[in-house]
Structures are given as C-alpha cells and as structure tokens.
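Beneath this line is the structure, given in structure tokens, with notes to follow.
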Amino acid sequence: MKLTLKIWRQKNNKSQGKFETYQVEANEHMSFLEMMDVLNEQLIAEKKEPVAFEHDCREGICGTCSMDINGRPHGPMQGTTTCQVHMRVFKDGDTITIEPFRSTVFPVIKDLVVDRAALDRIIQAGGYISVNTGQAVDGNAIPIEKDEAMKAFDAAACIGCGACVSACPNGSAMLFTSAKVSHLGILPQGKVESSRRVLNMVAQMDKEGFGMCSNIGACSAECPKEISLDNIARLNREYFKASLASEKA
Amino acid sequence: MKLDSKIPAGKLSDKWQQFKSEVPLVAPNNKRRIDVIVVGTGLAGASAAATLGELGYNVKAFTFHDSPRRAHSIAAQGGINAAKNYQNDGDSVYRLFYDTIKGGDYRSREANVHRLAEVSTQIIDQCVAQGVPFAREYGGLLENRSFGGVQVSRTFYAKGQTGQQLLIGAYQALSRQISLGTVTMYNRHEMVDLVVIDGKARGIIARNLLTGKLERFGAHCVVLGTGGYGNVFYLSTNAMGSNVSAAWRTVRRGALMANPCFTQIHPTCIPQSGEYQSKLTLMSESLRNDGRVWVPKKIEDAKAIQQGKKTALDIAEEDRDYYLERRYPAFGNLVPRDVASRAAKVECDKGLGVSPTGLAVFLDFSAAIERYGKSEAHSKGMENVSKEQIMAMGTKVVEAKYGNLFEMYEKISGENPYKFPMKIYPAVHYTMGGLWVDYNLETNIPGLFATGEANFSDHGANRLGASALMQGLADGYFVLPYTIGTFLSKEIRTPKVDTNSPEFAAVEAEAKKRIDGLINVKGSQSVESFHRRLGKIMWDYCGMSRSAEGLLKGRQMIRSLREEFYKDVFVPGTSDEFNPELEKAYRVADFMELGELMMLDALNRNESCGGHFREEYQTPEGEALRDDANYTYVAAWEWDDQEPILHKEELVYEEVELKTRSYK
Ligand SMILES: Cc1cc2nc3c(=O)[nH]c(=O)nc-3n(C[C@H](O)[C@H](O)[C@H](O)COP(=O)(O)OP(=O)(O)OC[C@H]3O[C@@H](n4cnc5c(N)ncnc54)[C@H](O)[C@@H]3O)c2cc1C
Ligand code: SF4
Ligand code: FES
C-alpha cells in the first residue's frame, strides 16, 4: 500500500516545528511503528535525518510510544497504543497526519518525542505506600476481596503514557492522577495515607501546570488502557474529604 | 585468575542466615557519607536503589529510559514464583531450590539458588505491602498457578501483567526515596563507560541523551541492573532498547562474562511474518496449560497449509502429530522451554511447519474448549447439548482465562485463535549468561556489583518460567543490600570520589573518541541493517542448535561484519544532540563483540545442556547429552580483541545429585 505521511518535524524545543510530507510503501501486516521504521530507513538511505519517535516494548505495556495519529492520541483504535496499531486499519492511498502528543506540560524534545517527566513528579508527590523493604507482614495476613483487588488492578493498569493529557481540551492530568489515587486508595494497605496522598498529588499536578478537569471525558475515551472515569469521581471524593479534614486540623 | 565464589561455609540451608548474622554492617552515620551508583532501574535496579536509599546510603540511579517505569521488566506477563506453599501442595524452599537446579540442567551454583528460594517468600510479602494487586481467590487470599518444568502451583500473578505491577511497585518505592532525597534519579542518562581507580569501581561516564554531553559521576561503588542481551539476535521478545552495553563496557574494563552462550529460546512466540519485522511477541507459557501443540503428520498436508490451500481444520485428527505428548508423556505440553523449543525446530526442519515460511507449529485450544464446555454443561445439569453449545460455553471459559493473550494474538496476526489454532514458533527471550559474580553479587572488579538478568548467577543453562522476576527482586530487595556491606564496610574512610581526577578524564576521552568515531565513519549502510545481519548470523549459527563447524564460521562472519561496520556505517546527525540513531550505533557495536564471544563460548562447551544444544552431543533420540565429567563449570571469559581468555569456576554439588534431566 502507498501512503502519504504528514509528519511534524522539529529540531529541538527551541526551534519552530512544521509539517513535512513523505511517501512510503507499506504492507498491511506491518505495525504502525514498523511502517515508521521503513520510512526512517528510506530517509537514512537518502542521508537525511530520520524522524525521532519513542518506543520500546512494542506490545502496549511500557507507555513509551506516543504520537497523535490523524488527531487522535495512539491512533484510530479503541484501547490500543500506537505500537499496537497495524496497517490493516488504513487503506492504500491514505494520507496520515502524525504529530507529537500536544500539551504545554510536555515540551517537544525532537520531532515526535516529548518530555513527560511531570507525570513522574506527580507519583513522587505521593503515589506510593510508605513501607520500607523488610517491614511487610505475611502476604496472606491482609485478605482482600477479589472484586476490590480487581478494581485496584484495573486502575493500576495505567501505563503512564500521557494520552489522557493530550486528548483533554484543558490539558488535565486528572485521569492519570486519579488512577494512582484509586489503585492505592482501594487497597487496605494504601488507605492509611490516602488523605495525604491525594492532597499532595493534586497539588503537584497544579504546580506542573496541568489544566483543570471539567468532566469532558475525552481522556478515558482515548486511554489505551480504558481507565475509567469512575477513578476521577473517586479522586474528587477523596480530595473533598481530605480537604475538609485538613481545614479542621 | 583464581575465581573465588566466596560461598559461606556451613550447611546449605544455614549459609544465608549465617552470612546475614556475620556480615559487617555500615553504621547509619557512615552510610550517609557513602555514595552508591545504581545503573538500571528495572526490577533489579529499582528495588536495589530504593532499598539502599531506605537504608540511608546516598544513591544515584541511572536509566536510559525517560522514566524508571519504562524498563523492560514491565513486559513480563506470566508471574513470579515463591515457595509460600499457600496451596498446601507440597511446595517448600527445598523443592523450589531443587526444581531450579534441575531446570537449569545442573549448571548453577547451589548456594545462590538456595538463597533465592529462601528469600522468595519475603518478596511476595513486600510486594503485597506496596500495593501490588495480585490475583486473589474469592476468600480474599492470594491465588497461584503452574508453570513449565514443575509439579506444584507456586506462581503468583496479576493477570497477564505481572511484570508491570511488580515494576510499578518498585518504581513507587523508588519514587518515594527520590522525594525523600536519598536517591537522585538521572533519567535519559546512559552509562557509556566504567571508571576504575586503583583497581576499584569508582564511577561511570554517562551520556546525557538529551544533550549528548558526557557527564562524570563518582561513587564508592557501582551496581549494574542493566538487564539481558537477547537483542544480540536482533529479533527477540525483549524491548527494542534492551542492550548489553553497560555490562559490556565493564567487560572491556576487566570484568568477566560468564556463560554467554546460555540463551533461552521461548517456545511460544508469534512467528516472524516478514523481513521488515522489528521484534517478536511472546505468548505466555501459561497457554501451554491448555493448548496442545501439533503439526501435520504428512508432508503434503504441511505443504498445502504453507501454500494457503488448506487450514488446520482440514486436517483429520489421525493425521495430526501431537509430538510433545508423543515424545514426553509425563510432562506433555508442559515440558521446560528448552525442550519444547527444540522439538518445534525438529518438526519444522522436517518440512512440517505450518506457516508460509514453514517456521511455525500449531498451539490448539479446541480440545480445551470442548473439555471446559462439557464441564460447564455438566455443572449446570444440562443434557442433550449440541456441539455448538458446548463449544460456545467452553470458549467463554477459555476467554476468561486467557482473553487478553488471545486478543493480543489477534491484533498482531489478524486471525481468530478461538476458531483456528494459534501459530507459534520459538524466539529468543532471556539470557542466563551475564557478568560473573560471586556469592555477594560482586564481579571480579572490586566494588562493581551486578543484579538481575545482567548477572549469570542463578539459572544455569536454562531458566524456569516465573523465576526471572523472582531473581531480580531477590537481588535488589533482599540480597544486595546485605552483601554490599562486605565491600562498603571497608570504605567508610574513603572520601568522596573526585571526578576531576586523571582517571575520569581519561575514560571520558576514550568514550568520546569511540562515540565520535562512529559518526565520522560517514559510510552508506544504516545501523539497523548491520544489526539485522548480526542477528541472522547469531540465529543461524548460535541459536537453537549449534555445531563446531557452524560456530567457527559464525565467528568469522561476525568479524568481517564488524570490519565492514567500522568502514561503512552511516550515523546521521551529531554526537552533541538527542540522536537515537547514534545510541543504536554504539549499542550494536558492543553487540558484535559480545556475539563473537558467545560463539566462542558455545564452541568451547563440548556438550549439550539446557538452552545450549550442540548437534554433535545428543542421544540417538535427539535429547541433550551433558558431559558432567568435563563441563560442570562456569565459563567466565576475559575479553581480548584477538583471543578471549577462559577462566573456570568449578561447580561443586554438595546437596543435589547430578542426574540426566528427564521429562518423559
Ligand atoms: C515478553 C517477556 C515476558 C516475560 N515474562 C516473565 C515472567 O512472566 N516471569 C518472569 O519471571 N520473567 C519474565 N520475563 C523475564 C523478565 O522480565 C526479565 O528477565 C527481567 O524483568 C529483567 O529485569 P532487570 O531488572 O534485570 O532488567 P530490565 O528490566 O531490562 O532493566 C534494565 C534497566 O537498565 C537500564 N539500562 C540498561 N543499560 C543502561 C545503560 N547503559 N545506562 C543506563 N541505564 C541502562 C534500563 O533503562 C532499565 O532501566 C519476561 C521477559 C520478556 C521479554
Ligand atoms: S490514564 Fe490512560 S491515557 Fe492516561 S497515562 Fe494512564 S494509560 Fe495513558
Ligand atoms: S512501545 Fe511500549 S507501549 Fe508502545
């Protein structure tokens, strides 16, 4: 299949970027990133700079790949990361527009590569359970209801890719943050410090400059792991409770 | 060189306890003055960095990724072993120890493996406390499943995403230490060389991947948790960025590489579909609990399938060869990985493969679907149920167990595995070999430690499923934080390491020259094309089966490839900017040297054991033929550009009797 690619090229975060157009020959068995590999091999053969993009596992689990494909983070398929998109979903002759994840909090490093370190700093602000190595009780000492464990698991499935931020018209990181608040808050081990956690993580989110959440829901719709909006509701409840308590204190 | 494994004296089961009570400690006020560099923040590195931070050391942690959460460990699917015996099915520390020694085909160290089995139980406790959402029973207790090569249920899991959940646990523990200031995290920093001063590891040169600048970091000691080297084969189930360079650079500074030819080829991966393919995807071993492996009996049928004229469904039951069940009735489809992989190759070599390339076998769930369907019908008291109904009910059960894997298969292959059997083929997955370390996880360079897949220590010639996660976390949480005291307790008077010293300057200059050299070749072929060719040579001559003749040829081919690389590689851009092609280039350069060493190691080992199968050494039935009299040793190699030098560590078995591994 013959494709036209319109790709965002930007040398570094100081320079201005612009779209460049390329032609590439692919086949439908390729993954989207393999199609990008083909393009890069072509560019290298012409002694041109290949397109920088990030990727690692190519199985939808590490959260490294990004890219907006035709205006959608991670492309056209539901519940799928960019690396899991296969060329089968495109047609011969298609034009595909490829951009980096768009957010003022994710500066472009080069071409399609952005800096998502702000998400790490939100976790550092409180996305953990304070237990040192060697302090744990026996694993079966705390029974956890199967459904609760599953709910915690579903929230913990977030891969930290940042697509939710890119999808949100306000550039909010609420879905990401709430997934961690839920994962740990649902489990008895994590409940103990849930107030501190939610206050600190939300404060960090604001400090990084992420936008406000106005319940649009684009985040969850584009999330490759289909993290549910329920997590945001849960964060709001926990945050409200924690703020009341801290006001009283 | 005399290799001292430093195994403590005493009874096998007492060694670790004894060691812990006698190991010299570093007082808290001294810990604060001691700097530790941890390179790599996958399971092995993140757990070590977090724990050392908790203990009060001043830790600097490095990853080439943009965040510790991206490490390759995240992709582990199936689970993690621990001798908890929660299922009351007869498991014990001894049994886990024994299974691992046997699974490794008697080529690992007893004392290390026993310690691994001992601390395995603490890992689960720790992970639960961190909030890792393991699978649970209705009663709220932890659930287990089985993996290949064992007869108990000791594998803990979190759906098909166990590695992800464990890594996130370690990442969160690490994040906590980062916020407390005990760990300084250097993301997007790649170690490109090791600095050795007066014979001790005292720092690293790291390349800031965003700016390309080489930076110096000093410490009292250096820990590597930099993962395995499966990507030397180009196509593997490893993440694209996994590479050997950190470990290899220390080899170039005198560290020994142990058993490099011991690589694990995993039997159930999605086969390669074209030349453009960039990586291979694993289908979890758990599938072999229910899938039956087969190929057609008749070559005509296989040909017809290869040409697309027939499908699996056109082959009558009596024309199918369930070769694992036929050859290994006791373990059947659940034989260990090395055995299953070789058997698949044997069938495909006969021309019985079932994909257009002829390199695939079927993994068929129809019998399981029918069995589960019947059992559902029975439990619901249904009678006179049609075959369709049974199959529909059975499909539901299989979906509940393996849904995410089936979906992943369908996304990649475009075929529905509930209807047509999966097509699978072995692929490179894991490397048992790695940096030689003693009982303390210290290499032969004092002050340089290695943890996780980067070291060679626990899996011998073949690793059992769900044991890598266990080892990585054992090393990082529970072993290294103790054993590192053997070195650091003698360093409390050592002042901060000065990175302005001539040693640092010299190593930095060498690294710069090496990296700039690659840009300056200005040849015509891409890095990728060299990596692909290297991978093919490795797979053809040092893959699933090896022969002296092939290995000699392979070594020569790599040497000429290397020459061509330094004459004709083309690396775009410059070295003082963000340049992913350049990163690939220096990693591939190191892979070429490692590849040569692997050929040499495989050639030296005139026996077949575990993942290492030498065609000259097999029984008349085609099983591996070990040579305990001559090869019960660890082959630890000292690098030399012309002729690497072999050092041997004899393996002494005090507890276990060496036997021929049989799964028949
Ligand atoms: C698809 C797949 C499934 C698997 N499933 C299982 C399973 O179910 N159970 C099981 O037990 N095992 C499994 N394994 C094996 C297991 O996942 C790995 O062996 C293990 O995770 C390795 O952990 P590690 O910490 O040693 O290395 P890694 O996770 O590879 O981490 C390496 C770290 O080192 C860093 N690094 C490397 N080089 C440098 C450098 N030069 N400078 C700076 N940083 C560097 C990387 O950035 C990374 O942080 C699986 C493996 C694969 C491929
Ligand atoms: S919530 Fe979804 S979209 Fe957002 S970071 Fe997590 S996985 Fe990515
Ligand atoms: S590359 Fe890992 S999720 Fe896409």
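These figures come from a predicted structure and were not determined experimentally. Letters A, B, ... mirror the listed sequences (proteins, then strands); counts begin at 1.
For chain B, the nearby part of A:Val114 is the backbone; its heavy atoms alone come within less than 4.5 Å. For A:Met35, no part sits under 4.5 Å from any heavy atom of chain B, backbone or side chain. At a 4.5 Å heavy-atom cutoff, the contact between A:His86 and chain B is made by side-chain atoms alone. Proximity to chain A is absent for every atom of B:Ser47, based on heavy atoms less than 4.5 angstrom apart. Contacts between A:Ala157 and chain B at a heavy-atom distance below 4.5 Å involve backbone atoms as well as side-chain atoms. The contact between B:Asn187 and chain A is made entirely by side chain atoms (from C-beta outward), counting heavy-atom distances below 4.5 Å. Only the backbone of B:Thr237 comes within contact range of chain A, judged by heavy atoms closer than 4.5 Å. Contact annotation for B:Glu143: only side-chain heavy atoms (C-beta onward) come within less than 4.5 Å of a heavy atom of chain A. In this structure, the portions of A:Gln124 lying under 4.5 Å from any heavy atom of chain B include both its backbone and its side chain. Heavy-atom distances place the side chain of A:Asn27, and not its backbone, under 4.5 Å from chain B. For B:Phe156, no part lies near chain A; criterion is any non-hydrogen pair under 4.5 Å. Only the side chain of B:Gln165 comes within less than 4.5 Å of a heavy atom of chain A; its backbone N, CA, C and O stay farther away. If you measure heavy-atom distances from A:Asn200 to chain B, you find no contacts under 4.5 Å at all. Neither the backbone nor the side chain of B:Glu407 comes within less than 4.5 Å of any heavy atom in chain A. Neither the backbone nor the side chain of A:Ser31 comes within less than 4.5 Å of any heavy atom of chain B. The contact between A:Val137 and chain B is made entirely by backbone atoms, counting heavy-atom distances below 4.5 Å. Both the backbone and the side chain of B:Leu141 come within less than 4.5 Å of a heavy atom in chain A. Both the backbone and the side chain of A:Ile44 come within contact range of chain B, each with at least one heavy atom under 4.5 Å from a heavy atom of that chain. For B:Leu142, the parts lying under 4.5 angstrom from a heavy atom of chain A are both the backbone and the side chain. In this structure, chain A has no heavy atom under 4.5 Å from any part of B:Leu174. Heavy-atom distances place the side chain of B:Glu581, and not its backbone, under 4.5 Å from chain A. Heavy atoms closer than 4.5 Å to chain B are found in both the backbone and the side chain of A:Ile159. Residue B:Leu280 touches chain A through its backbone alone, counting heavy-atom pairs closer than 4.5 Å.
Ring planes of A:Phe53 and A:His55: tilted class, angle from 30 to 60°. Classified by interplanar angle (parallel below 30°, tilted 30° to 60°, perpendicular above 60°), the ring pair A:Phe32/A:Phe90 is tilted.
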(message) Could you go through B:Tyr171 and B:Arg70, starting from their C-alpha distance and side-chain angles, then the distance that decides it, and tell me whether this counts as side chain to side chain donor-acceptor pair (under 3.5 Å)?
(response) CA-CA 10 Å; B:Tyr171 160 72; B:Arg70 312 273 188 234; over 6 Å; no
(request) Take A:Asn231 and A:Ser182, measure what side chain to side chain donor-acceptor pair (under 3.5 Å) needs, and give me the verdict at the end. (result) CA-CA 6 Å; A:Asn231 294 304; A:Ser182 292; 2.9 Å; yes
(request) Run the numbers on A:Glu54 and B:Arg188 for salt bridge (charged side-chain N to carboxylate O under 4.0 Å, His left out), then give the verdict. (result) CA-CA 12 Å; A:Glu54 280 194 295; B:Arg188 296 192 194 269; 2.9 Å; yes
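Across all their heavy atoms, B:Val569 and B:Val521 have their closest contact at O-CG1, 3.4 Å. Summarising the geometry of A:Gln84 relative to A:Glu59, their closest heavy-atom pair is NE2-O, 3.5 Å, with the distance given to 0.1 Å.
Between A:His74 and A:Phe101, the distance separating the two ring centers is shorter than 6.0 angstrom.
Options B:Glu54, B:His72, B:Arg176, B:Gln164 differ in how many heavy-atom pairs under 4.5 Å they form with chain A, and the most are formed by B:Arg176. Counting heavy-atom pairs closer than 4.5 Å to chain B, the top-ranked of the candidates A:Ile129, A:Ile144, A:Leu187 is A:Ile144. Counting heavy-atom pairs under 4.5 Å between each of A:Glu145, A:His29, A:Glu148 and chain B puts A:His29 at the top.
Looking at B:Gln77 and B:Tyr157, their side chains never bring a donor and an acceptor atom within 3.5 Å of each other. In this structure, a donor-acceptor pair under 3.5 Å is present between the side chains of B:Ser524 and B:Asp568. With 3.5 Å as the limit, one finds no donor-acceptor pair spanning the side chains of B:Gln172 and B:Ser175. Side chain to side chain, A:Thr64 and A:Asp56 fail the donor-acceptor criterion of an N or O pair below 3.5 Å.
Between A:Arg234 and A:Asp230 there is no salt bridge, since no side-chain N of the basic residue sits under 4.0 Å from a carboxylate O of the acidic one. Classification of A:Glu20 and A:Lys48 as a salt-bridged pair fails, no side-chain N sitting under 4.0 Å from a carboxylate O.
Each of B:Lys279, B:Glu528, B:Gln277 was compared with B:Tyr234 under the side chain to side chain contact (heavy atoms under 4.5 Å, CB included) criterion, and only B:Glu528 meets it.
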